[in-house]
Amino acid sequence: MFKGKLIEDQSYYKLKKRVALYSLLPFAILVNFNSMPIWLSVGGLLLFVVVVYLSYKTQKEISKVANKNIHINENEINILDSKGTHLETTKLNLTDIIKL
């Protein structure tokens with residue numbers, strides 16, 4: 001059985017890139033805290049908080065875009081919403097070919 005997220009909106013990939021950038025930026029800020037003056041450290045800390053907030057908001061956007069799941073087994077393909085309710089079911093025959 002295969003289970004995965006069904007991504008129909010191409011903006012998902014842009015959002016994932018943004019989350020990757022947001023996750024790397026705090027490390028770049030935190031690495032340099034030792035060599036910075038105190039006023040710059042406070043600014044870096046504020047920037048860190050802003051980046052964490054933006055990452056949180058972007059993660060919520062991703063959960064809205066990728067809100068469907070797909071389950072594929074030997075006999076059928078099921079598309080489910082985020083609550084697990086069946087939206088669509090397709091029966092498979094032995095002669096069907098699935099291209100991903």
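Numbers here simply count residues along the sequence, with the first being 1.
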4.5 Å side-chain heavy-atom contact, Lys5 and Lys68: no
Only pairs at least two apart or in different chains count here, so list each side-chain hydrogen bond (donor to acceptor under 3.5 Å, both in side chains) that has a residue in residues 11-21. Asp9-Ser11
NZ-CD distance between Lys57 and Gln59, expressed to the nearest 0.5 angstrom: 13.5 Å
What's the shortest heavy-atom distance between Thr58 and Tyr22, and which atoms? OG1-CE1, 3.5 Å
Distance from Ile79 atom CD1 to Leu6 atom CG, nearest 0.5 Å? 5.5 Å
Quick one: are Leu15 and Val65 in side-chain contact, heavy atoms under 4.5 Å? yes
How far apart are the C-alpha atoms of Ile77 and Thr89, what are their side-chain angles, what is the distance that settles it, and do they pass the side-chain contact (heavy atoms from CB on, under 4.5 Å) test? CA-CA 6 Å; Ile77 299 173; Thr89 300; over 6 Å; no
For residues 75-86, pull every pair meeting salt bridge (charged side-chain N to carboxylate O under 4.0 Å, His left out), keeping only residues two or more places apart or in separate chains. Glu76-Lys91
For residues Val50 and Tyr56: do they belong to one hydrophobic cluster (side chain heavy atoms under 4.5 Å, members Ile, Leu, Val, Met, Phe, Trp, Tyr)? no
State, yes or no, whether a side-chain contact exists between Ile70 and Asn78 at a heavy-atom distance under 4.5 Å. no
Give me the other members of the hydrophobic cluster that Leu80 sits in, counting Ile, Leu, Val, Met, Phe, Trp and Tyr linked by side-chain heavy atoms under 4.5 Å, directly or via other members. none
Does any non-hydrogen side-chain atom of Val19 lie less than 4.5 Å from one of Ile62? yes
